[in-house]
Each structure stands twice: as structure tokens, then as C-alpha cells.
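Okay, so here's the structure we're looking at.
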Amino acid sequence: MPKILDTINKPEDLKGLNIRELYKLADEIRELIIDTVSENGGHLASNLGAVELTLALNRVFDFSVDRIIWDVGHQSYTQKILSERKDRFNTLRKEGGISGFPKTQESIYDAFNTGHSSTSVSAAIGMARARDLRGEKYKICAVIGDGALTGGMAFEGLNDMGQCDNQVIVILNDNEMAINKNVGGLSKYLNRIASKPGYNKFKKGLRARLIKIPKVGEHIIDYLGRMKNAVKHLFQQNVIFDDLGIKYIGPVNGHDINEMIQAMERAEKIDGPVVLHVKTVKGMGYKPAENRPEEFHGIAPFDIPSGEVKVSNQKTSNSICFSKKLCKLAESNGKITAITAAMPHGTGLNLFQKKYPERFFDVGIAEQHAVTMAAGMAISGIIPCVAVYSTFLQRAYDQLLHDVALQNLHVVFGVDRAGVVGDDGETHQGIYDISFFNTLPNFTVMAPASLLELEQMLEYAINKVDGPVAVRYPRKVLPDRTGYEKEEFSPRPEILKTGSDVTFIAVGDMLSTVQKTCKILEENGRSSEIINLKTVKPLDPQILIESAEKTKFVVTVENNIIDGGVGEKILCLLDKAVPQCRVEIMAIPNEPVSHASIEQIMKRYGLDPESIADKIGNML
């Protein structure tokens, strides 16, 4: 039997389908998403929950002219399938293939690049004001989840939205989930709205009965419409959007296409800002994802019948290692607390949460709040440990500087997913943290080369450092040990191998790459010295200078951008101390790093052992 999806080449093709056909199309799209993500990995649960929502949006609006902004963007797979990328969907997240997030360079149907949360409302207001200033006519929709709505920037956008007259349609996709189960007062508030459907049912029923009254029915409806806030408050204490000056519609069933189409058509006719509240189920249509939505938020290739990850020989991860060590240190130190911004599983802190629930704090998608709350704890005698992905810590730069660094407070940061992360692309690469930490006073920054060093550095950060300290570790699992660790940890640079032709200074996870590089060079008669830097900031110059004086050729290798990184700092140091020494910086260029596997990206930028050995061998 032919598939309806085979007949859909662009969103406008949905206009000719009836409701029954739209539901069948939803099933076919889910099947394609599950098949593709099971092979490529990706964001599954959020996309399965947004299929009918996306169909309804594209049925009502014309996004070749209108604009849609997906908050975070990891739920945009259906939009990609509908908008001329169906035949390339099997390349999702692959090098040279389509991105797992909206990308303006990829399609006219992607209006705004998104990869971090809580941005869509602000972007939509900006686009609406620009549209009106230019005298143009098109609709702007922002789709934001209830998890993303916990981010401070979303509140800033809604506050401004309440005072603007521009038409903006915000679709609140409420699935009671961010990456993990939502926390906080806003989640409880949205649940109260959804759990009190009496107002909406009453309004619909009352209208149906009144319209039947001859002559006066429509007048009564008009009068009650002007009294809607009073009627609404009989059934709900208040609706925050109404109080902000934003029209509110909902909640509606996000898997009822007909109901959503009707609600969207109502929203489209409202001149000013409006919020349409849609209730969906994360993972809808695939039981493993419905039952374990946090595991299927972002998942590696998996077996469809069982829902189990296909290749999982990995016994641990850097995140789990960090959390286990933190739990152990917390046994004897009651001052230690753990903080996450909506990612207890992603950062491994769910282990700490189970063991020390009273000392664990999930603040929602609110990195800025997490950092300043940690500062408040630190100044009050507690030792807060904030575990956060490198790409998301960027959002709290001001708080790192103003609230932590300038006050020299003892806050410990576990900077997870530092360096190249691969398939999620430009918005998620953690390649900037060394550079921005280098601008912050009082910070100590360390980078482990093994899981044992990660444990040692965390213990050192908690027990031996007085001010702010960050331990950065990559997505790719570190080796258990380098073989050079000592029982008594020292943060100073350490020479692991002596040589005479070239000095390699390795930063964190790049040590294994340097060791393989030096083995290749040794086979070609070149003698290499290897230094494990360990502490990125502040630099300990003595060993670096002594080695540079010996070899007169230093190569720095780091999983960070060149600009403001370790290599530039060492170049400045040696330019003054050993001016006759040549310094070669091996790092990521300061450009958007598109999606591919970690190995492919490293090879793309010449940071694999063979490429480094070839380049340095030619120089020698």
C-alpha cells in the first residue's frame, strides 16, 4: 500500500489531506524518525511528541513565507521531513548530511538557528518588530517547551511580549519534561492549568447552548466575551499570560490534530501576542521512549524492538566517574553539595541525588541562576559543585565573572562535554571554555588525561583550592589511567617522556593523541618530549621553559579553539622567556564546527595522530 509520506514533498502538500490522512501521515513520520535515529542516534522522545503539533502548524501556516522558531530545536525532525529534506533524512547528524537542529543555511523553512533553550520568544519578538517596521505581512510562531520556559531569558521575552502590540504566536509545548522531569514552580503552575479543564469545557458548552437562543444569544456571548477574565478566574485562580497582557488559548490536546488546527486558526486571527498551550506526551507512539523519556532524549543507535542501545561495552563515562568521586568525598564532608541545571542524568549527578537528596539541587534550565546560587552557598560556608556541559556554561559567563571570580569564591565546576562533542554540531561543541576561563581572575582550571586524574583533580579542587576552580573533561571516555599518575597528586606540569627534537605539551584528553603521535615520530627517528600540562590556569612556567630551552621547538595540542587558548598563552610565555624557541599551536580554528563524529572532526582539523605527526615531521 503506498505511503502518504511519499506524496509529501513540501509543507503545502498537507493542505490537500483530510484529518484521517494526517493521522496516517503522523504514524509514517514516526516510523521514519524511529528508523533513522535507531541507526544514527539523535533526539528521539522530543521529536515523537511533536509530530501532530508540527503537522497542525504546517497545515495552518505557510512556512515558506511565515516563520517558525523552534526553541532548542531538537524537536524539529518532522519539520525537516516535511520541508524538502525527507529524501536526505537518512543523513541526519552525519558528516555532510542534515543537521539535528534548525539551520538557516540548510532550508528556507529554518528561520533561525537554535540549539540552546529559552531563546525562541526573544527571537520571535525581534523578528515581529522587524517585520512590522518593514511593513511586511507574515506570521511568526515560536514553539517553546515547558522545560525551556524555566529559563530566565524566556521570562524576559514574555515580559517584553506583554507590552508589545506586534502579532506573535507562542506555542507552549507542555510535556512536563525538559531533558529530565521538570522541576520548580512553573511546572506546578502549568500542571494546575492543565488539571483544571473546567473553564475551557464550560466556555465551549455555554457558547453552544447560548447560540441557540433566538435574537439575544449572540449578544449574551459578546457580553460574556468581554467579561472573560472574570469568568476564567472563577475556574482558575489566574492565568499568568493574561496578567502579562498576552492572550491565552488552551490547554489543547497536542495529539488531536483537528483540535490544534482550530486553536491555531483562532490564534492566527489575534492581532497581538498570544500563547497557545498544547499538552503533548514525550516519546509518543514508541513505548520505550514513552516509558523512559529521559533516556531517549538524546540517544545513541538502538535496537527498535527492545529500545536498548546497540553497542554499549562502555562500563563508565567521565560524568559517572565525576559523580561517583563526588559522592565518596561527600561521605566525609557534609559541606559538599551538587547543583545541576535540569541535567541530573546527563551530568551523572543522579547518583549524588539518590545518595544525598537533601544536598542535591536541580534548578531547571537556568545556568545563570545555578552559578549565582552556588556563589551564595559558597559565601555562606558550603562547597557547591556545579556539573554542567561546557556549551551551556557559556550562558552564565557574567555570573562566573561577577558573582564567583571577582569575589574569589570556592565554587567547583565540573565542566562536562568539554571540547569537540561531534554529532550535535555547532551549537553544542564545547570548544570555548578554556578561552573564556582564561579571561576570568582567580580561577584555577584543570584538565585530566585519565579517569584517575579526573578523580584526583576533583579531590584537589574541593580540598586544596581556596577560590573558584573548574575541572574540564570531554564527552569521549578518558582512559582509566595514563600509567604515570602518582598517589600524591600534583597540579604541576609533568614530563612523561624525555626527548631532544620537539616538546609536546598535551592538554587533558589530547595526551593519548600526543602519545600516539610521538610513537609515529619515533619510528621515523625523531625524539619527542611529552609534558602533561594538567593545570591550564594558572600556568606553571618552570618545567615548560626548561623543556623549551632544550628542544627549541614546542607543540601545544588542545581540544579548544586557538583564540585565547592554552597555545596562545604558552606562545606569549615562551616568546619572552625563550625567544629562539619555535611554537606550533594545534587546536580548533575559531569557526563554527559542523556536525560529524568526534574522530571525523579531529581529522578535519588535523588533530589526529597521523596528521599531527605528518605536519611536525615535515617541520623537523
Side-chain angles (χ1 to χ4, degrees), residues 152 335-337 339 341 366-416 418-419 430-448 457-473 489-493 505 507-508 533-545 556 558-577 585 587 590:
K335 293 181 179 180
I336 293 174
T337 62
I339 300 169
E367 291 83 5
Q368 293 168 296
H369 166 57
V371 172
T372 300
M373 186 187 82
M377 285 184 160
I379 207 166
S380 304
I382 294 295
I383 304 174
C385 297
V386 183
V388 59
Y389 286 10
S390 172
T391 183
F392 300 138
L393 187 57
Q394 297 161 184
R395 300 161 67 90
Y397 178 83
D398 178 62
Q399 288 70 31
L400 288 169
L401 172 62
H402 186 274
D403 301 327
V404 177
L406 294 183
Q407 297 189 85
N408 198 23
L409 296 176
H410 186 203
V411 180
V412 178
F413 293 90
V415 185
D416 205 331
I431 55 176
Y432 307 100
D433 57 85
I434 289 178
S435 301
F436 67 69
F437 276 125
N438 272 337
T439 67
L440 301 175
N442 295 319
F443 253 95
T444 297
V445 182
M446 294 185 286
M457 287 179 179
L458 179 58
E459 185 170 1
Y460 183 87
I462 288 174
N463 294 330
K464 301 293 186 181
V465 181
D466 292 328
V469 56
V471 181
R472 76 181 302 261
Y473 41 95
F489 173 75
S490 168
R492 299 192 67 200
I505 300 176
V507 181
L533 187 63
K534 292 194 279 190
T535 299
V536 170
K537 182 180 187 295
L539 285 179
D540 187 330
Q542 182 180 345
I543 292 172
L544 307 182
I545 290 171
T556 65
E558 62 189 297
N559 196 348
N560 189 79
I561 61 167
I562 291 174
D563 297 10
V566 172
E568 284 195 348
K569 285 184 68 176
I570 290 175
L571 174 62
C572 291
L573 169 71
L574 296 180
D575 184 54
K576 294 178 181 178
I585 301 172
N590 193 358

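Reckoned from all heavy atoms, side chains included, excluding hydrogens, waters and symmetry mates.
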Gap separating the CG atom of Leu400 from the CZ atom of Phe436, nearest 0.5 angstrom: 6.5 Å

Minimum heavy-atom separation for Pro491 to Thr535, with atom names? O-OG1, 2.7 Å

How about Thr337 and Cys385: do any of their side-chain heavy atoms sit closer than 4.5 Å? no

Non-neighbouring partners of Asn590 that pass side-chain hydrogen bond (donor to acceptor under 3.5 Å, both in side chains), sequence neighbours left out: Asp563

Atom CD1 in Ile562, atom CD1 in Ile434: separation rounded to 0.5 Å? 12.5 Å

So, for Pro441 and Ala405, which heavy atoms are closest and what is the spacing to 0.1 Å? O-CB, 3.2 Å

Heavy-atom side-chain contact between Val371 and Leu393 under 4.5 Å: yes

Taking salt bridge (Lys or Arg N to Asp or Glu O under 4.0 Å) as the definition, give me every residue that meets it alongside Asp433, ordered by chain and number, with sequence neighbours left out. Arg472

Salt bridge (Lys or Arg N to Asp or Glu O under 4.0 Å) against Glu367, all qualifying residues, sequence neighbours excluded: Arg395

Asp540: partners by side chain to side chain contact (heavy atoms under 4.5 Å, CB included), with sequence neighbours left out: Arg492, Pro493, Gln542

Which pairs of donor and acceptor atoms, one on a side chain in residues 567-576, lie under 3.5 Å apart (sequence neighbours left out)?
from, atom 1, to, atom 2, distance (Å)
Glu568, OE1, Gly564, N, 2.9
Lys569, NZ, Asn438, OD1, 3.4

For Ala461, enumerate each residue passing the side chain to side chain contact (heavy atoms under 4.5 Å, CB included) test, keeping only those at least two apart in sequence or located in another chain. Val412, Met446, Val469, Val471

Test: salt bridge (Lys or Arg N to Asp or Glu O under 4.0 Å). Region: residues 371-393. Which pairs qualify, not counting sequence neighbours? none

Which residues satisfy the side-chain hydrogen bond (donor to acceptor under 3.5 Å, both in side chains) test with Tyr432, sequence neighbours excluded? none

Listing request: all side chain to side chain donor-acceptor pair (under 3.5 Å) pairs with a residue in residues 403-416, at least two apart in sequence or in separate chains. Ser319-Asp416, Thr372-Asp403

Do the rings of Phe443 and Phe437 sit parallel, tilted or perpendicular, given the 30° and 60° boundaries? tilted

Where is the tightest heavy-atom contact between Ser380 and Gly376, given as atom of each residue plus distance? OG-O, 2.9 Å

Minimal heavy-atom distance between Asn559 and Ala418, with the atoms involved, is ND2-O, 4.3 Å

With sequence neighbours excluded, tell me which residues meet side chain to side chain contact (heavy atoms under 4.5 Å, CB included) with Gln368. Ala396, Gln399

Name all residues meeting the side chain to side chain contact (heavy atoms under 4.5 Å, CB included) criterion together with Glu459; count only those two or more places apart in sequence or in a different chain, and write none if there are none. Lys325, Leu329, Asn463

As an exercise, state the distance from CD of Glu558 to CD1 of Ile505, rounded to the nearest 0.5 Å. 10.5 Å

If I compare all heavy atoms of Pro468 with all of Val404, which pair ends up nearest, and what's the gap? CB-CG1, 3.5 Å

What residues, two or more places apart in sequence or in another chain, satisfy side-chain hydrogen bond (donor to acceptor under 3.5 Å, both in side chains) together with Ser490? none

Are any side-chain N or O atoms of Lys537 and backbone N or O atoms of Leu440, one a donor and one an acceptor, separated by less than 3.5 Å? yes

Asn442 CG to Leu406 CG distance, which is reported to the nearest 0.5 Å: 8.0 Å

Heavy-atom closest contact (Ser435 atom, Asn560 atom, distance): OG-ND2, 3.0 Å

